There are 2 protein chains.
Amino acid sequence: MSKLAAQPLYRQVLREVMVAIEAGEWDEDESLPSETDLGKRFGVSQGTVRKALDVLVTDGVLYRRQGVGTFVAGTSDFLLRGQFLSLAGRDGVKPSVDLLGCVRIHAGEQLAEILGLRRGAALWQVRRLLRVEGQVIGLEEMLLPEANFPSLEIRRIRELKGNLRELCWRDFGVRLKDGEVRYRAVLAGQTEARLLMMDVNEPLLQLVRLARDFDGKPQVWSVAWLRTEQLAFEPPAQFGAQAG
Amino acid sequence: MSKLAAQPLYRQVLREVMVAIEAGEWDEDESLPSETDLGKRFGVSQGTVRKALDVLVTDGVLYRRQGVGTFVAGTSDFLLRGQFLSLAGRDGVKPSVDLLGCVRIHAGEQLAEILGLRRGAALWQVRRLLRVEGQVIGLEEMLLPEANFPSLEIRRIRELKGNLRELCWRDFGVRLKDGEVRYRAVLAGQTEARLLMMDVNEPLLQLVRLARDFDGKPQVWSVAWLRTEQLAFEPPAQFGAQAG
DNA sequence: CACAAGTCTTATATAAGACAAAAGATATAC
DNA sequence: GTATATCTTTTGTCTTATATAAGACTTGTG
């Protein structure tokens with residue numbers, strides 16, 4: 001391991017592992033080499049590798065199974081992380097996704113500023129429909145700078161089953177890190193009502209998120225509108241060892 | 001440290017530290033003994049203590065400052081964790097709280113089941129109003145079993161500035177752990193509209209949470225209704241070492 | 001005396017190595 | 001053939017040693 005950096009060893013290991021993942025060295029749900037082997041490779045102890053992997057596990061990049069191995073976590077999709085729960089019940093469901101379309105638009109002033117672009121910059125707008133048991137339950141819209149994702153094709157999105165997150169780093173080398181989500185309650189407008197097959201002025205749960213890459217650069221702006229008459233939305237459980 | 005338990009050492013330490021905190025051995029923002037000293041006390045090494053504290057830090061029970069010490073985190077209040085952001089802006093504000101009242105009601109069937117009580121069991125209903133810059137922005141309602149919190153007095157709640165969380169473990173020894181929050185969009189009804197000084201059928205962001213104690217027993221059911229015309233709600237950032 | 005630079009003490013933070021526990025795979029007994 | 005033991009590989013736990021950070025204290029200097 002290079003000595004030049006003034007960073008702790010485990011941070012350097014963390015970085016290297018992250019790079020390897022980004023390079024596609026191990027596929028999704030494929031096991032990494034054992035902590036011991038990674039230790040040999042980087043010239044550090046198993047414990048140090050472990051500490052690095054700990055961070056990636058709590059970040060959701062990896063998951064572990066004792067006695068078996070450490071695996072690359074599926075690059076689960078944007079706002080879809082999280083589940084829907086019936087108002088009384090305890091068991092949640094994940095929605096299925098239908099790609100609606102992918103068109104080229106231009107950034108408004110606000111959006112341009114948020115994404116760090118000049119006004120009027122070209123953007124891809126991708127829209128998807130969320131369903132639970134056939135019922136349309138949500139609409140999701142993502143905006144990506146064309147500069148960073150030059151040849152975004154709907155065909156390719158379909159190939160990856162609409163998983164934009166996966167696509168971003170497979171085809172463009174951009175590994176996205178989730179940002180904070182903001183919640184609002186809004187009334188359905190014309191567009192939403194039409195796509196979600198509901199009446200206007202019905203309440204919708206709106207989620208907004210800015211996803212950045214691991215260098216902190218803004219990459220994807222996404223907004224979702226969810227119908228919550230029958231189901232409530234629950235964001236993904238955050239990790240960290242369970243207390244008790 | 002007692003050897004009887006078939007749990008890892010650091011879990012036992014974790015438990016003991018938690019008990020000590022619950023017993024009020026160290027006040028809010030007061031530093032714990034050093035990791036080394038705690039190690040002596042429990043008969044384990046500094047590293048083991050550290051691992052236990054790690055969990056409590058990511059759980060938000062403690063916080064650390066290198067070279068200084070480890071401190072008991074303030075028992076910040078329920079749904080108030082989280083902040084409000086103006087729709088464009090990036091800097092959030094925390095709302096101020098006004099206690100509306102505390103009355104004794106009886107559990108309906110559903111609520112009784114959720115809280116693990118018999119139907120019709122007595123509950124305390126506490127209501128609070130949230131304000132940002134004077135503007136009423138939210139209503140919060142909490143329901144606590146009278147059995148576990150026998151003498152809940154509005155005077156006492158006021159004393160602790162409406163911080164129910166603090167009150168729960170100061171006066172009743174119940175340390176609450178946050179549960180997952182569920183989100184919905186609803187329309188304002190008569191009651192909400194009146195208390196929030198708005199029209200009926202305006203959209204409201206509804207947050208529902210079941211808070212349990214550290215033994216997993218359900219303790220407090222809370223619901224909040226938030227106006228999000230001007231501001232969006234952002235839940236608290238979850239911890240875990242920052243990647244890099 | 002005032003003030004800044006060094007250094008001492010006490011914290012947390014990191015690293016390595018030894019060992020334990022869990023999960024599969026494989027061999028063995030019956 | 002099937003159940004049970006044992007072997008191997010992997011993650012998980014724990015200790016010891018050392019590094020780094022932050023204040024307090026000391027000391028030199030105008």
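Lettering follows sequence order; numbering is per chain, from 1. Just so it is clear, the structure is predicted and the values come from calculations on it, not from any experiment.
Residues meeting the side-chain hydrogen bond (donor to acceptor under 3.5 Å, both in side chains) test with A:Gln66, sequence neighbours left out: none. Residues passing the side-chain hydrogen bond (donor to acceptor under 3.5 Å, both in side chains) test with A:Ser45 are A:Thr48, sequence neighbours excluded. Applying the side-chain contact (heavy atoms from CB on, under 4.5 Å) criterion to B:Tyr63, with sequence neighbours excluded, gives B:Asp29, B:Phe71, B:Ala73. Partners of B:Glu25 according to the side-chain hydrogen bond (donor to acceptor under 3.5 Å, both in side chains) rule, which considers only residues two or more places apart in sequence or in another chain, are B:Arg41. With sequence neighbours left out, A:Pro150 forms a side-chain contact (heavy atoms from CB on, under 4.5 Å) with A:Phe172. Every side-chain contact (heavy atoms from CB on, under 4.5 Å) that A:Arg158 has, sequence neighbours left out, goes to A:Leu99, A:Ile154. With sequence neighbours left out, the side-chain hydrogen bond (donor to acceptor under 3.5 Å, both in side chains) criterion links A:Arg64 to A:Glu35, A:Asp54.
Within the nucleic acid shown, B:Thr48 comes within 4.0 Å of at least one base atom, counting heavy atoms only.
Where B:Gly47 and A:Gly47 each meet DNA chain C at their nearest nucleotide, the meeting point lying more 5' is that of B:Gly47.
From the 5' end on, the contacts that DNA chain C makes with chain A at under 4.0 Å to a non-hydrogen atom open and close at C:dT14 to C:dG24.
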Does the protein touch nucleotides 5-11 of chain D at the base, only the backbone, or not at all? Give it as B, S and - per nucleotide, heavy atoms under 4.0 Å. -----BB

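In this structure, B:Arg184 contributes its side chain and A:Thr228 its backbone to a donor-acceptor pair below 3.5 Å.
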